[in-house]
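Indexing begins at 1, ligand by ligand and atom by atom, following the structure's order.
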Amino acid sequence: MKKINLGILSLSLAVPAAAQVQNDERPNVILIYADDLGYGDLQCYGAKNVATPNVNRLADNGIRFTNAYSVASTSTPSRYGILTGEYPFRKQGTDVAAGDAAMIISPEQQTVADLFKEAGYATAAFGKWHLGLGAESGKQNWNAPLEPALDDIGFEYSYIMAATADRVPCVFIENGMVADYDSNFPISVSYHKNFEGEPTGKDNPEMLYNQRHSHGHDMSIVNGIGRIGFMKGGGKALWKDENIAYSITSHAIGFINENKEKPFFIYFATNDIHVPRFPHERFRGTTEMGMRGDAIAQFDWCVGEIIKTLEDNGLLENTLIILTSDNGPVIDDGYDDKAKELLNGHDPMGGLRGGKYSSFEAGTRVPFIVHYPKEIKKSEVSEALVSQIDFFNVMTEFLDINQEYTSLDGFKNELKAWMGKDRKGRKYVVQMAQNHNLSIRMGDWKYIPPCEGPAMIPWGPEIETGYSKEPQLYHLSSPYENEDLSEKYPKRIKKMQDIIEKISPAEKQ
Ligand code: NG6
Ligand code: CA
């Protein structure tokens, strides 16, 4: 099924057969990718009202970064960037994807998963996908194997949600086919119109017995929660939101147990803490922040289960774990879960301005922890500037496979920064906001170019976008971007603007 680009690149990746035998000592790699987890949402990053002992443990024995960035301030573009090493603005269709989007990464593209697979690793993806499936948007047959799917881009095994928990179809997809498929309830999906006789959150609010929407999310109802998009059928394949974390984690644990003899790469993308936040009963009330806080506790539990499985198999020492988030936090993202009322002094943004979707720092500055006991022996905090766009290149370096094999947009030689040996990191980082505006951070300076768009997110979340028709320049020695220095430093702006234009001439505003 997979058409690998048979150029010099794939040849240079060939690994001698001997290196692929069992009991291979090469390190495992697990990317734990949280959803909408803010810079201030973990205890080790100063979170209040929620305990995250398992994540703290990674930080206590690893490196905690304070200047790490996701590629974009929403999910689809960030995920595209971290998996391919290519900026999402180069690729059509990388805005927040519908649940029936066609697969965005084409089989011909090289992904991080391809890299590992070609090096003889067992590879797998779990949890939130949000990068499309199948050949044509809106035309998938959800009752048959979908193609292309994740095995076409390097993941030998996958157990995923097609998009997000708030988007249909609300079923898990295992290796390209709906998991626990129920032939009595064939699945239909539409992002255009409802199916005859099916209730919606808009018309049947009395059926929203688990959670009501605050904005949007009023189309199909699954598990007593309104969603984006329409679906029919599913039967026993439909997920229960309260079990999603368990389903994802137990599949990942199973994969580790089955593949412990072989090096593996796992993309572990949690649904937490995206909306609808509806954690399992056992986490309810474990924080005083309601569902949002309890979802953080549930996320921490998932991390703990992964650590425990590695430990039980004697694999923790030889496993590189990178824990980070796809974008910054949002408090009300469309469901009435009382996230705002129950913050009780907790600051998801960790003192940064803006949030998910925005150009301001809280949009893309995210928690980022590197845990690798084999090489990292003590707890450290690094201020190095790092970006998820480098994940692909850092992995080629980490695996010591041909370093001429690099992604389009990642920097080279960033492994030393990710391992705590270089405390400066990148010279600059580019961040993309929801409206595609590209900001740039260079040293302690942050420049947001002029762009069109409202000052506040217009559809519901109370978030400042950072969009302005005027250029903005901030010095992050005061991390909350509120003192615009653009008039004082025109030359600095020019320099930063030039870099943006060089990277993305077509995106010039
Ligand atoms: C928005 C959704 C929001 C969330 C976001 C994507 C509405 C009103 N809001 O359109 O709830 O799903 O898209 O989030 O529909 S992301 O983290 O996957 O990028
Ligand atoms: Ca997200």
Side-chain angles (χ1 to χ4, degrees), residues 31-39 41 69-83 88 93-101 104 127-132 160-170 191 200-202 211-220 222 225-230 241 244 267-278 291-292 295-296 299 323-337 339-340 348-349 354-358 362-368 388 431-436 456-463 465:
L31 175 64
I32 300 178
Y33 210 33
D35 199 348
D36 297 1
L37 189 74
Y39 185 69
D41 272 329
Y69 290 85
S70 61
V71 176
S73 60
T74 57
S75 154
T76 302
S78 277
R79 286 161 203 265
Y80 181 82
I82 201 169
L83 289 176
T94 51
D95 288 322
V96 173
D100 64 350
I104 295 166
K128 175 171 172 177
W129 182 236
H130 212 189
L131 285 166
I160 54 161
M161 304 156 74
T164 59
D166 60 347
R167 284 175 176 75
V168 302
C170 300
Y191 274 72
T200 62
K202 186 162 176 248
Q211 205 165 87
R212 287 176 174 250
H213 48 273
S214 55
H215 58 265
H217 305 105
D218 60 357
M219 294 168 236
S220 283
V222 176
I225 299 176
R227 316 280 165 165
I228 308 170
F230 303 101
D241 301 71
I244 291 176
Y267 174 70
F268 184 75
T270 65
N271 167 52
D272 293 313
I273 61 166
H274 198 275
V275 297
R277 305 172 187 120
F278 201 69
M291 298 295 200
R292 189 174 187 280
I296 299 176
F299 169 76
L323 183 149
T324 185
S325 177
D326 68 338
N327 53 253
V330 49
I331 297 165
D332 176 356
D333 208 13
Y335 290 93
D336 181 17
D337 58 10
K340 185 178 175 188
M349 287 75 181
K356 177 174 179 175
Y357 308 110
S358 70
T364 48
R365 198 175 332 163
V366 285
F368 192 94
Q388 293 175 7
Q431 310 132 267
M432 189 176 88
Q434 201 256 347
N435 72 346
H436 286 207
M456 297 295 292
I457 294 293
W459 63 82
E462 290 171 31
I463 293 178
T465 59

Of the listed options His213, Met219, His217, Arg167, closest to atom 9 (N) of ligand 1 (non-hydrogen atoms): His217
Considering distance alone, does some N or O of [X] sit under 3.5 Å from an N or O of ligand 1?
{"X": "His215", "answer": "no"}
{"X": "Lys128", "answer": "yes"}
{"X": "Ser75", "answer": "yes"}
{"X": "Thr164", "answer": "no"}

Carboxylate-amine/guanidinium contact Arg277 Asp333, below 4.0 Å: no
Residues Asp36 and Arg292 bridged, charged N to O under 4.0 Å: no
Main-chain N/O of Met219 paired to Thr200 side chain as donor or acceptor, under 3.5 Å: no
Using a strict cut-off of 4.0 Å, indicate which atoms of ligand 1 neighbour a heavy atom of [X].
{"X": "Asp36", "value": "17 (O)"}
{"X": "Asp35", "value": "17 (O)"}
{"X": "His130", "value": "18 (O)"}
{"X": "Ile228", "value": "15 (O)"}

The Ca ion (ligand 2) - name of the N/O/S atom of Asp36 that sits closest to it: OD1
N/O/S from Asn327 sitting under 3.0 Å away from the Ca ion (ligand 2): yes
Gap separating the OH atom of Tyr69 from the OH atom of Tyr39, nearest 0.5 angstrom: 8.5 Å
side-chain hydrogen bond (donor to acceptor under 3.5 Å, both in side chains) assessment of Asp166 paired with His217: CA-CA 7 Å; Asp166 60 347; His217 305 105; 2.8 Å; yes
Asp326 atom OD1 and Asp35 atom OD1 as seen from the Ca ion (ligand 2), angle to 10 degrees: 80°
